[in-house]
Amino acid sequence: MKPSLYLTMFLLCSGLGAQAAELRYFYDFNELNGTLSSLNNNNLAGPDAGSATFSGGGWINYTAGYEGLGYDSRANGGQLTLGSSSTGLGLNTTEGFSLSIAVKDFSPGNNHSTTKWNSMLTFTSGSGQNMYLQKDSGDTSTAGAWAAYCGGNVGNWANLTVSKDSFSNIIITFQNGELNIYLDGQRRITASGVNFSGDVQSLKLGSSADTTMDDLQLYSGVLNDAEIAALAANPALPVPEPATATLSLLGLASLCMLRRRS
């Protein structure tokens, strides 16, 4: 067997055995019209999607996003929370979970960036633990660096500066106390022993931050390096489902076999 075929078969077997991340929630916000119903009828993750819905009070502000419309999370506007203590998100910290989102540290409605010490992307566990990002430097007129918190600072904030002028892709992966946060494909925060456990009950998007958010994706399982790179290149495009990836590998293997025979 040729070396190239050995490699192909290795990739095929690896792909079949891998526990790939599975997309559970995907919202591009393009149908957002200020109401919760315009979001809750538009989970684009497919037939095996999660069943949690959004809640929030007030008018849900929208603006130009990464592609199409985005969510203006202005701190004095309607706040979006996906899931609740009664429904959960269908995610847990043992299997792990991943988030990908396009974020700009600027609210068009309030015409400024996030105030220092305010937060975004707050996950809440069934034990009442909160894990979130907090702006620890900068002010309402400048971009600043963000830190990860869960009962205290759990990550170096100096390397996670979110632009106010253009969209950044933020990816968060978590499993069994291991937290990794990526900015535009580069790992900026890593921490172990983070005290966040059990089922994941909810995700509050803006919390107290003044940002623009777009293309929210939540996965069960932990995204791998290739998937993280693909999302950084285009945050609006979900990574391939496990079945799609497997079919691609099968096709590659078949092609190599045909070339070998010819």
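Predicted model only: the values in this text are computed from it and were never measured. In this chain, numbering begins with 1 at the start of the sequence shown.
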Enter the distance from [X]:[atom1] to [Y]:[atom2] here, rounded to the nearest 0.5 Å.
| X | Y | atom1 | atom2 | value |
| --- | --- | --- | --- | --- |
| Leu36 | Asn33 | CG | CG | 10.0 Å |
| His112 | Ser141 | NE2 | OG | 10.5 Å |
| Leu133 | Leu160 | CG | CG | 6.0 Å |
| Asn180 | Ile189 | CG | CD1 | 10.0 Å |
| Glu31 | Asn42 | CD | CG | 5.0 Å |
| Gln129 | Cys150 | CD | SG | 6.0 Å |

Between [X] (side chain) and [Y] (backbone), is there a donor-acceptor pair under 3.5 Å?
| X | Y | answer |
| --- | --- | --- |
| Ser98 | Leu223 | yes |
| Thr93 | Gly96 | no |
| Ser125 | Ser127 | yes |
| Glu227 | Asn224 | yes |
| Gln217 | Leu231 | no |
| Gln175 | Glu95 | yes |
| Arg24 | Gly90 | yes |
| Asp184 | Asn169 | yes |
| Thr114 | Asp210 | yes |
| Ser220 | Phe97 | no |

Is the distance between the ring centroids of [X] and [Y] less than 6.0 Å?
| X | Y | answer |
| --- | --- | --- |
| Phe196 | Phe174 | yes |
| Tyr219 | Tyr25 | no |
| Tyr27 | Phe54 | yes |

(message) Working note: Ser37 + Asn40, criterion side-chain hydrogen bond (donor to acceptor under 3.5 Å, both in side chains); need CA distance, chi angles, decisive distance, verdict.
(response) CA-CA 5 Å; Ser37 61; Asn40 288 329; over 6 Å; no
Establish whether [X] and [Y] are linked, either directly or via other cluster members, by ILVMFWY side-chain heavy-atom contacts under 4.5 Å.
| X | Y | result |
| --- | --- | --- |
| Leu218 | Ile170 | yes |
| Leu183 | Met131 | yes |
| Trp59 | Leu205 | yes |
| Leu179 | Val103 | yes |
| Phe106 | Leu121 | no |

Taking all non-hydrogen atoms of both residues, which atom of [X] and which atom of [Y] are closest, and how far apart?
| X | Y | value |
| --- | --- | --- |
| Ala232 | Gly185 | CB-N, 3.4 Å |
| Asp105 | Ser113 | O-OG, 2.6 Å |
| Asn43 | Ala49 | ND2-CB, 3.4 Å |
| Asn118 | Ser208 | ND2-O, 2.9 Å |
| Tyr71 | Gln79 | OH-CA, 3.5 Å |
| Trp146 | Lys135 | CE3-N, 3.2 Å |

(message) Assess the residue pair Ile60 and Thr35 against the criterion (side chain to side chain contact (heavy atoms under 4.5 Å, CB included)); give the C-alpha distance rounded to whole Å, side-chain angles, the decisive distance to 0.1 Å, and a yes or no.
(response) CA-CA 6 Å; Ile60 308 301; Thr35 65; over 6 Å; no
(request) Kindly determine whether Leu39 and Leu32 satisfy side chain to side chain contact (heavy atoms under 4.5 Å, CB included), including the steps that lead there. (result) CA-CA 6 Å; Leu39 283 174; Leu32 182 59; 3.8 Å; yes
(request) Return yes if a side-chain donor-acceptor contact under 3.5 Å exists between Gln134 and Asp136, otherwise no. (result)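 Judged by distance alone, the side chains do pair up.
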(message) Walk me through whether Ile101 and Asp214 qualify under side chain to side chain contact (heavy atoms under 4.5 Å, CB included).
(response) CA-CA 6 Å; Ile101 194 166; Asp214 201 0; over 6 Å; no
(request) Show your reasoning for whether side-chain hydrogen bond (donor to acceptor under 3.5 Å, both in side chains) applies to Ser107 and Asp72. (result) CA-CA 6 Å; Ser107 162; Asp72 182 352; 2.7 Å; yes
(message) Does Thr63 form a side chain to side chain contact (heavy atoms under 4.5 Å, CB included) with Leu69? I'd like the steps, not just the answer.
(response) CA-CA 6 Å; Thr63 185; Leu69 295 180; over 6 Å; no
